[in-house]
Amino acid sequence: AQSVTQLDSHVSVSEGTPVLLRCNYSSSYSPSLFWYVQHPNKGLQLLLKYTSAATLVKGINGFEAEFKKSETSFHLTKPSAHMSDAAEYFCVVSARGGGSQGNLIFGKGTKLSVKP
Amino acid sequence: NAGVTQTPKFRVLKTGQSMTLLCAQDMNHEYMYWYRQDPGMGLRLIHYSVGEGTTAKGEVPDGYNVSRLKKQNFLLGLESAAPSQTSVYFCASSPRDSGRARETQYFGPGTRLLVL
């Protein structure tokens with residue numbers, strides 16, 4: 001079975017400093033991995049996705065993530081945080097096999113706070 | 001295009017009451033999904049549909065029913081609401097499986113449900 005673990009429930013950074021949101025995955029298949037962002041009282045927006053092409057994936061708003069098979073990780077980074085990055089971020093893996101093929105499995109989320 | 005829309009945006013129910021949440025998409029997507037979001041739990045799949053007239057159970061289906069009579073609509077029903085169903089409900093849709101295209105889901109803005 002596939003799963004994701006987001007290692008931090010809350011991360012706080014200062015504006016202009018780097019952002020690192022950590023995610024480990026478990027999958028017996030070659031996984032598809034995603035990061036979604038949810039701003040307060042809003043829906044979910046796709047930041048980026050990995051589907052077995054380049055291991056370094058660039059997304060919107062300056063975010064990127066690197067797929068590391070040896071570490072089973074898919075951490076999300078941004079060189080310089082902006083106040084508008086304050087939101088909740090979800091790491092997601094796509095299910096493989098059987099009737100649930102293609103369904104998404106969400107991590108529990110990491111809330112990012114950005115201090116001025 | 002409106003994308004994925006959800007009706008209503010907010011609702012308060014008393015225990016035992018019934019209601020239906022409506023999801024509509026105008027992207028001609030084959031697949032549709034209902035999730036619930038609870039604090040610290042991420043999103044969990046309730047039911048999904050791989051096409052008009054077909055539905056399947058997700059991770060947390062108990063207490064909910066769904067119907068997909070039209071391709072563009074996916075209804076989520078609560079026959080007898082319970083306080084444990086207080087949550088934010090998200091609908092999503094994705095296109096017909098072409099490679100891994102199905103895995104990119106488009107989310108609605110959510111419905112906040114409070115059951116007293």
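Only this structure's heavy atoms are used, side chains among them; waters, hydrogens and symmetry mates stay out. Letters go in sequence order (proteins before strands), and every chain restarts at 1.
Proximity to chain B is limited to the side chain of A:E88, based on heavy atoms less than 4.5 angstrom apart. Heavy-atom distances place the side chain of B:L45, and not its backbone, under 4.5 Å from chain A. With a 4.5 Å cut-off on non-hydrogen atoms, B:R44 does not touch chain A at all. Contacts of B:Q37 with chain A are made by side-chain atoms alone, with heavy-atom separations under 4.5 Å and no backbone atom involved. Proximity to chain B (any heavy atom under 4.5 Å) is shown, for A:Q45, by neither the backbone nor the side chain. With a threshold of 4.5 angstrom between heavy atoms, A:L46 approaches chain B through side-chain atoms but not through N, CA, C or O. For B:Y35, the part sitting under 4.5 Å from any heavy atom of chain A is the side chain, from C-beta outward, and nothing else.
The aromatic ring centroids of A:F74 and A:Y25 lie 6.0 Å or more from each other.
Summarising the local packing, NZ of A:K111 is surrounded by 12 or fewer heavy atoms from other residues, nucleotides or ligands at distances under 6.0 Å. Other residues, nucleotides and ligands contribute more than 12 heavy atoms inside 6.0 Å of the CD atom of A:E15.
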Working for side chain to side chain donor-acceptor pair (under 3.5 Å), residues B:S87 and B:D38
CA-CA 6 Å; B:S87 189; B:D38 303 293; 2.9 Å; yes
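Note on B:G108, B:G40, B:G110, B:P109: by heavy-atom pairs under 4.5 Å with chain A, the leading option is B:G40.
Side-chain atoms of B:W34 and B:Y89, non-hydrogen and from C-beta on, do get closer than 4.5 Å to each other.
Both B:I46 and B:V115 are part of a single hydrophobic cluster, where members link through side-chain heavy atoms under 4.5 Å apart.
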